Amino acid sequence: DWSSDVCSSDLYRMISSKTLSTVLFLGIALVAPGLSAQSLPDFSNIVDSGSPAVVKIIVEHPAGRAASGQPDMEQIPEYLRRFFEYRGEAPPQRQRMSMGSGFVISEDGFIVTNNHVVDGADSVLVRMIDRREFEAEVVGTDPRSDLALLRVAADGLPFLRLETGDALKVGEWVLAIGSPFGLDYSVTAGIVSAMGRSLPTEEGENYVPFIQTDVAINPGNSGGPLFNLKGEVVGVNSQIFTRSGGSIGLSFAIPASVVRNVVAQLQEQGRVTRGWLGVTIQDVDKTLAESFGLDRPQGALVAQLAEGGPAAKSGLQPGDVILRFDGKDISTSADLPHVVGLVTPGDKVSVEVMRERKRKTLRVTVGGLDADDSFALRNERGGDAGMGRLGCWWTMRARKHWNGWDSPAGLWCGRWRRTRWRRMPVSCPVTSSPCSAPRRSRMWTVSSAPKSGCPRSEERRVGKECRSRW
């Protein structure tokens with residue numbers, strides 16, 4: 001009847017709709033994998049063209065050099081030393097072998113690797129992918145950037161080109177070739193996780209803006225190339241962060257801009273001289289940014305100047321906030337050494353600073369710091385001035401300056417006493433001279449106070465200073 005026809009028609013349309021949805025879903029499911037596969041990069045061409053120029057470096061260390069992990073007998077309790085001492089004549093020490101990676105940068109045999117791969121080497125052997133082996137000469141090393149330049153007596157070698165545009169971006173695909181754990185010419189890939197990472201050395205030096213990637217890098221990859229999708233070398237794999245000894249997705253490479261600079265100097269003079277200002281700096285937080293008249297935390301605060309150094313001669317002052325250096329923005333204090341280190345010593349560069357809440361542009365002549373030079377500012381008591389300290393003998397804690405001040409004065413100084421911080425009265429502008437602080441006085445003294453009135457109602461006028469009790 002009519003009702004049964006209507007129900008049949010509705011049922012047919014419902015079944016047809018479900019069938020069509022199922023077909024469309026299956027079609028998408030079948031097509032999607034094909035689309036995603038097409039969108040992934042094909043690394044095979046990079047591997048084919050780049051592998052012949054990647055080398056395995058085998059290093060032989062002198063017999064007298066202690067292997068890592070060997071116990072120090074002086075640190076072992078006396079009642080346990082007998083378990084580690086040899087009975088009779090000690091066996092002769094053997095030469096220790098280690099290995100790393102590298103890559104050829106010219107057809108006449110120049111090879112780039114890490115400094116820590118060849119540091120202290122007795123001999124260096126380079127092995128090509130076709131199993132040829134060459135004895136390598138260490139042309140020069142630069143511990144500050146962890147780079148080394150080798151050379152082998154060969155011509156017509158395949159070589160790789162360093163990227164020149166410095167256009168690498170976060171999120172780009174990158175590829176590494178090396179010999180992790182001695183497994184020759186292993187290929188791993190990933191993406192750039194971050195740019196300009198700061199990894200200070202044990203001496204507190206920070207000249208390399210590392211490329212962070214999630215490429216699997218392990219012991220033996222050190223010194224190997226990091227490629228972009230054009231087959232150019234964008235970095236030299238150098239370090240990993242790990243809790244297990246293997247890769248956990250935090251790998252760091254020396255960028256090509258640093259490699260070009262270091263290699264050029266090692267080829268020409270066998271050593272590296274980098275730009276130097278002669279300052280100690282600290283970061284600018286929100287509180288300091290407000291006090292200096294900045295709209296947000298940025299720049300590097302000049303804490304101290306080396307007497308007679310390049311910065312002092314060029315007119316930089318303690319308390320200046322460096323915002324731009326040689327045309328490059330300084331977002332954090334860690335960015336400044338990266339930029340200064342690449343400037344040729346003797347060059348004059350433009351420096352934009354914030355001074356007394358006003359922007360000012362200076363012309364600074366950059367000095368030079370050789371690879372073997374070390375530098376530390378010293379206070380009047382003869383101690384080294386640590387990074388970020390503003391010239392106080394006590395540890396300094398910066399606090400928000402009073403509103404309306406035009407000079408960076410009135411910083412908190414304190415010293416550790418009886419397991420707590422004790423606020424000390426201080427008259428301390430941001431200078432290289434020590435703070436003057438009577439030990440027993442409980443007054444907070446402000447130098448460079450306003451000419452009329454005091455910043456706070458609870459303060460009272462004492463001569464040219466505003467004072468208040470805690």
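In this text the structure is predicted, and so the values were computed from the model without any measurement. If you read the sequence from its start, that first residue is 1, and numbering goes on from there.
- Using a 4.0 Å cut-off between charged side-chain N and carboxylate O, D108 and R151 make a salt bridge.
- In this structure, R355 CZ and F292 CZ are separated by 12.0 Å, a value rounded to the nearest 0.5 Å.
- Residues F227 and I177 form a side-chain contact, since some pair of their non-hydrogen atoms from C-beta on lies under 4.5 Å apart.
- Judged by distance alone, the side chains of S101 and N221 never bring a donor and an acceptor atom under 3.5 Å apart.
- Side-chain contact, D122 with H61: no donor N or O sits under 3.5 Å from an acceptor N or O.
- Taking the side chain as every heavy atom from C-beta outward, V236 and L226 never approach each other to under 4.5 Å.
- Here S123 contributes atom OG and M97 contributes atom CE; the two are 6.5 Å apart, rounded to the nearest 0.5 Å.
- Using a 4.5 Å heavy-atom cutoff, the side chains of P297 and D285 are not in contact.
- Cation-pi geometry between R274 and Y207 is met: the NZ or CZ atom falls under 6.0 Å from the ring centre, inside 45° of the normal.
- In this structure, L168 and V234 have side chains that are in contact, with non-hydrogen atoms separated by less than 4.5 Å.
- Proximity of P310 to W276: side-chain heavy atoms (C-beta onward) are separated by under 4.5 Å at one or more points.
- Here T361 contributes atom OG1 and R324 contributes atom CZ; the two are 9.5 Å apart, rounded to the nearest 0.5 Å.
- Taking E232 as the reference, nothing meets the salt bridge (Lys or Arg N to Asp or Glu O under 4.0 Å) condition, with sequence neighbours excluded.
- Residues forming a salt bridge (Lys or Arg N to Asp or Glu O under 4.0 Å) with R161 (at least two apart in sequence, or on another chain): none.
- Residues R359 and E352 are paired through a salt bridge, judged by an N-O separation under 4.0 Å between the basic side chain and the carboxylate.
- Of the inter-residue distances, the one linking I248 atom CD1 with I217 atom CD1 reads 13.5 Å to the nearest 0.5 angstrom.
- Side-chain contact between V302 and I322: present, with at least one pair of heavy atoms (C-beta onward) separated by less than 4.5 Å.
- A salt bridge does not link D326 to K348: none of the charged nitrogens lies less than 4.0 Å from a carboxylate oxygen.
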Are I57 and L125 close enough, and set up right, to give a side chain to side chain contact (heavy atoms under 4.5 Å, CB included), and what steps lead you there?
-> CA-CA 6 Å; I57 297 177; L125 184 70; over 6 Å; no
